[in-house]
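To start, the structure under review is shown below, and the notes come after it.
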Amino acid sequence: MPTDDHGGSAVSDVRTPAQIEADIVRRREQLAETLDEIGVRVHPKTIIGDAKAKVASHVDHAAGRALGTVNRLVAEVKGGLRTETGEPRLERIVPVALLAVGVVGLLAVSARRKRG
């Protein structure tokens with residue numbers, strides 16, 4: 001059986017003009033889809049959206065870690081606010097209450113600035 005320069009069968013590589021045209025149409029459609037996908041990927045709105053999603057993910061992760069740390073600290077502080085007999089330790093409660101008021105005040109100011 002005769003072979004072509006690439007080692008394939010010359011007889012099996014014969015295609016009809018209709019097959020060649022169909023192949024060209026299919027490849028054009030694939031190329032158009034690929035170009036559309038590239039256009040979407042490099043569009044500024046897509047790039048900005050991806051960047052925003054990454055930042056939001058990092059912020060959520062950092063906020064989750066911070067919340068865990070705060071919860072642990074609150075538990076430690078709570079443990080130090082009472083004596084072994086269960087009596088409140090005012091010398092520790094007053095500073096903690098003042099700190100809590102300060103934090104709430106800072107959060108309120110921050111929220112007001114974000115709205116304004």
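On a predicted model such as this, the values are computed, not experimentally measured, just so you know. Just the heavy atoms: all of them, side chains too, but no hydrogens, waters or symmetry mates, feed the values below.
- Through direct or indirect side-chain contacts shorter than 4.5 Å among Ile, Leu, Val, Met, Phe, Trp and Tyr, Ile20 is connected to Ile24.
- The distance from atom CZ of Arg28 to atom CG of Leu31, rounded to the nearest 0.5 Å, is 10.0 Å.
- The two residues Pro88 and Ile93 make their nearest non-hydrogen contact at CB-CD1, 3.6 Å.
- Residue Glu87 holds its CD atom at 13.5 Å from CG of Leu81, rounded to the nearest 0.5 Å.
- Listed by chain and number, the hydrophobic cluster partners of Val94 are Leu98, where partners are ILVMFWY side chains within reach of under 4.5 Å, directly or through others.
- At least one side-chain heavy atom of Leu73 sits less than 4.5 Å from a side-chain heavy atom of Glu76.
- At least one side-chain heavy atom of Asp23 sits under 4.5 Å from a side-chain heavy atom of Arg26.
- Across every non-hydrogen atom of Arg89 and Thr83, the tightest pair is NE-CG2, 3.4 Å.
- Although no hydrogens or angles enter the test, the distance criterion places a donor-acceptor pair under 3.5 Å between the side chain of Thr34 and the main chain of Gln30.
- Shown here are the side-chain contact (heavy atoms from CB on, under 4.5 Å) partners of Asp50, two or more places apart in sequence or in another chain: Thr46.
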